[in-house]
Q: 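My questions will all concern the structure given below.
Proteins get letters first, then strands, A, B, ... in listed order; numbering begins at 1 in each.
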Amino acid sequence: MSDNEYIPKSKVGKWFNDRLPLLTLANHLTDYPTPKNLNYWWTFGGILTFCLITQIITGLTLAMHYIAHADMAFESVEHIMRDVNYGWLIRYIHANGASMFFLAVYIHIFRSLFYGSYKSPREIIWIIGIIIYLLMMAAAFMGYVLPWGQMSFWGATVITNLFSAIPLVGEGIVTWLWGGYSVDNPTLTRFFTLHYLIPFLILGLVVLHIWALHVPGNNNPVGIDIKKPSKDTVPFHPYIVIKDGFALLMFMIVFAFFVFYSPNILGHADNYIEANPMVTPAHIVPEWYLLPFYAILRSVPDKLLGVIAMLSAILILAVLPWLDTSKIRSAVFRPLYKQFYWILVADVLILGYMGAMPAEGLYLLIARVATAYYFLHFLVVLPLLGFKEKTLPVPLSITEPVLGGMANLATAKQNESIDKIK
Amino acid sequence: MKSFLKIFSILIFLGCSLNFYSSAAEKVEYLKTDWSFKGLFGKFDRGSLQRGYQVYTEVCASCHSMKYLSYRNLAEDGGPEFSVAEAKAIAASFDVTDGPNADGEMFIRPAKLSDKFVMPYENIKAAQAANGGAYPPDMSVLVKARGGGVDYIYSLLQGYEEAPSGITLDDGVYYNKYMYGNNIKMSAPLSDDLIEYGDGTKATVEQMSKDVTTFLMWAAEPHLESRHRMGFKAIVYLIILTILVYFSMKKIWSRVESEV
């Protein structure tokens, strides 16, 4: 990278930088050549960083007032809502922040799916992203348990019970997770500890995610490799900073509407009833962002296989770079993939809806079809598409227009490889 | 096509559909009334809150606790806003057990502003024993703990009917068309002119339902008014800042041949 040439202007700066090259790093971050054609779907990386930091800051503040004890947790949350200065604001930002975080991460993931950002040479960025996503789900789930309402308690019971599906050692593992023979105070305290820990793990992984991104550089809507720096790139600062900032502000407006005007709409009413091990709620539903996976879990009649299906649904994403055999990244030049992409989006939304409905009758049937299609997309459609699809001509660079027909090098290469396979 | 407008509208669409999805589960048609606390500038109706407190304390409080509220809350901004003297007098009409004193004895004294609302029963078991096994739920966050929120509570209070023919009710069970499963262990708590409002408002069942529900909404969300005030300011601020940043962005990006 060209950063090596950077020499601080001041003597002190040079002295410091020779010993710890923080200024070189800062210079790299501001000058980082970014494709100039990035659209607004690319701003969600910055938005997600904002979400993470917001969750950490509000979370730290809540932790100062929250009491992780089965007899006092619910009351301490009410104490935060009523008597802590702006406690209601901090808690509503934190609770809705989780939903906003997932909204942004789903857009971020589906952007990557559309533009093929997970493909070579960006597989490591993608896999780190999947690990972050898994940790986010763990953190969100444990965070939902902390207020110790009815959904907290019964959600924790249902999810931890999934481990009992493991043959032979399942029951033992569940007891070990609970720290007893049911979800109780030991479960709450360990969930609180882990809920506090995980965001910092995520923070570390985010650093790796960005580091791995800065090696090959950003993918872009055209999905081609570009020279850096060149006419196709702009320095990160000020161009991308201001654009990300603009997008972040729009995101914050939506966020603010939830916090100030519908703060409880995304949560379940039952969570304002204190946990009661003697009363089971009529429907136990997870938060909206976990619903597609909940639907997959319930659509398999066998408990163990259901758990395996649910986990595979997430883990299959980690091997996506190798399941997708197409050399063309962007769906813009893949007419067939584009259609399957939107079918997948619809499929996941349907799964989410079915996850919220009772698992019976037509709902269950639709959930089963949607589950089957989800796996079909990744295991059959994607591998085959790479061989069968006739892609459109890809431009040589962002600034150059598409060259007609076969004059295009990238397309020519692509067709060559298709011919070879045939 | 401005792509940011597209994304922004998608964000709003997603936000609205999340909203919609969350409320879609409610299939029951509840009775409707105008709530003064809804909307961008929603505020509580002070008179309704004070009357609602009267309904709570004269009717509901004989069975339902409100353990997260303190008497001082009654005099705080954004609530019923009784004067401090009135709130003190209200508190003093209840007895609390305090202690131990210097002799190691527990003693009874009148409640102070700093005390929590006195509970009608010592504990849940006592409440169940006195109510045929059913626990009258604590009302501090009741409207947030029910799917239909204020509309549900408002309807439930007016939803008592003769059971339709063919349905037999057990002893101590009543028919309510808004209750989940229609069976409720609370007998109709309100009847016309059950109480006499201090401000001369006619105490119809509908009026009392509305007042007490408003009071319960405040009890569950005591900072609702300041939340609405701050929310409006925050969103206006964000919109102005967004517009300014948009023009800065246009200016900066005009240096390169690319669209933002």
Side-chain angles (χ1 to χ4, degrees), chain A residues 36-37 39-41 43-44 75 78-79 81-83 86-89 92 99 103 106-107 149-150 231 234 238-239 242-243 245-247 249-274 282-283 285 288 349 352-353 356-357 398-399, chain B residues 3-8 10-12 14-15 17-19 21-25 39-40 42 67-70 73 137-138 140-149 180 220-224 226-228 230-232 234-235 238-239 241-242 245-246 248-249 251-253 255-260:
Chain A
K36 69 177 184 183
N37 63 335
N39 57 33
Y40 282 91
W41 299 114
T43 59
F44 283 87
E75 191 180 348
E78 279 309 309
H79 164 68
M81 292 298 291
R82 289 161 194 277
D83 296 330
Y86 297 104
W88 57 270
L89 177 63
Y92 279 156
S99 282
L103 182 64
Y106 283 127
I107 293 175
Q150 274 290 65
K231 266 183 80 180
V234 288
Y239 295 95
I242 189 89
K243 193 170 170 176
F246 172 64
L249 283 167
M250 290 199 293
F251 183 79
M252 285 167 79
I253 293 173
V254 177
F255 196 154
F257 262 104
F258 275 102
V259 169
F260 293 108
Y261 292 106
S262 292
N264 292 307
I265 200 95
L266 299 174
H268 198 291
D270 279 11
N271 228 27
Y272 277 106
I273 304 173
E274 194 168 359
H283 298 288
V285 239
W288 68 268
L349 291 177
Y353 185 77
M357 294 295 130
I398 294 169
T399 35
Chain B
S3 56
F4 73 83
L5 279 179
K6 196 162 72 185
I7 299 215
F8 189 56
I10 287 172
L11 273 177
I12 290 184
L14 283 172
S17 48
L18 281 178
N19 256 325
Y21 145 73
S22 313
S23 49
L40 285 186
K67 57 182 175 179
Y68 300 123
L69 273 85
S70 308
N73 296 139
D138 184 85
S140 311
V141 284
L142 194 67
V143 293
K144 291 201 281 187
R146 295 293 179 271
Y180 184 73
E221 282 284 312
H223 299 292
L224 178 138
S226 58
R227 191 178 82 221
H228 285 178
M230 186 193 284
F232 183 74
I235 287 166
L238 281 172
I239 289 172
L241 188 60
T242 308
V245 169
Y246 173 74
S248 320
M249 179 178 74
K251 183 94 172 53
I252 289 170
W253 277 80
R255 295 178 216 153
V256 287
E257 291 173 33
S258 191
E259 214 190 314
V260 256

Q: side-chain contact (heavy atoms from CB on, under 4.5 Å) for A/N264 and B/E221? Distances and angles first, verdict last.
A: CA-CA 11 Å; A/N264 292 307; B/E221 282 284 312; 3.9 Å; yes
Q: Please evaluate residues B/R255 and A/Y239 with respect to the criterion side-chain contact (heavy atoms from CB on, under 4.5 Å), reporting the C-alpha separation (whole Å), side-chain torsions for both, the decisive distance (0.1 Å), and the verdict.
A: CA-CA 10 Å; B/R255 295 178 216 153; A/Y239 295 95; 3.6 Å; yes
Q: Considering only heavy atoms, which portion of B/L40 lies under 4.5 Å from any heavy atom of chain A: side chain, backbone, both, or neither?
A: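 Both backbone and side chain.
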Q: Where is the tightest heavy-atom contact between A/A269 and B/G147, given as atom of each residue plus distance?
A: CB-N, 3.8 Å
Q: Given a strict heavy-atom distance threshold of 4.5 Å, which part of B/L224 is in contact with chain A: side chain, backbone, both, or neither?
A: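 Neither part; nothing is under 4.5 Å.
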Q: Give me the ring orientation class for A/F246 and B/Y246: parallel if the planes are under 30° apart, tilted from 30 to 60°, perpendicular past 60°.
A: tilted
Q: Run A/Y272 and B/R146 through side-chain contact (heavy atoms from CB on, under 4.5 Å) and show every step you take.
A: CA-CA 8 Å; A/Y272 277 106; B/R146 295 293 179 271; over 6 Å; no
Q: With a 4.5 angstrom heavy-atom cut-off, is it the side chain or the backbone of A/Y92 that approaches chain B, or both, or neither?
A: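 The answer is the side chain of A/Y92.
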Q: For A/F251 and A/T43: C-alpha separation, side-chain torsions, deciding distance, then whether side-chain contact (heavy atoms from CB on, under 4.5 Å) applies.
A: CA-CA 10 Å; A/F251 183 79; A/T43 59; over 6 Å; no
Q: Name the region of A/Y106, side chain, backbone, both or neither, that has any atom closer than 4.5 Å to a heavy atom of chain B.
A: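 It is neither, since no heavy atom gets under 4.5 Å.
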Q: With a 4.5 angstrom heavy-atom cut-off, could you sort out which part of A/A247 is near chain B: side chain, backbone, both or neither?
A: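 Interface part for A/A247: neither.
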Q: What part of A/L89 gets closer than 4.5 Å to chain B, counting heavy atoms only: side chain, backbone, both or neither?
A: side chain
Q: Of the backbone (N, CA, C, O) and the side chain (C-beta and beyond), which part of B/F232 lies under 4.5 Å from a heavy atom of chain A, both, or neither?
A: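 Both backbone and side chain of B/F232 come within 4.5 Å of chain A.
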Q: Which atoms of A/E274 come close to chain B, meaning under 4.5 Å heavy atom to heavy atom: side chain ones, backbone ones, both, or neither?
A: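 The answer is the side chain of A/E274.
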Q: Kindly state whether the ring of A/Y261 and the ring of B/H228 have centres lying under 6.0 angstrom apart.
A: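 Distance test on ring centres: under 6.0 Å, yes.
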Q: Taking side chain as everything from C-beta outward and backbone as N, CA, C, O, which of these in B/S70 sits under 4.5 Å from a heavy atom of chain A? Side chain, backbone, both or neither.
A: neither
Q: Quick one: which of A/E78, A/M252, A/R82 has the most heavy-atom pairs under 4.5 Å with chain B, could you say?
A: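 Winner by heavy-atom pair count: A/R82.
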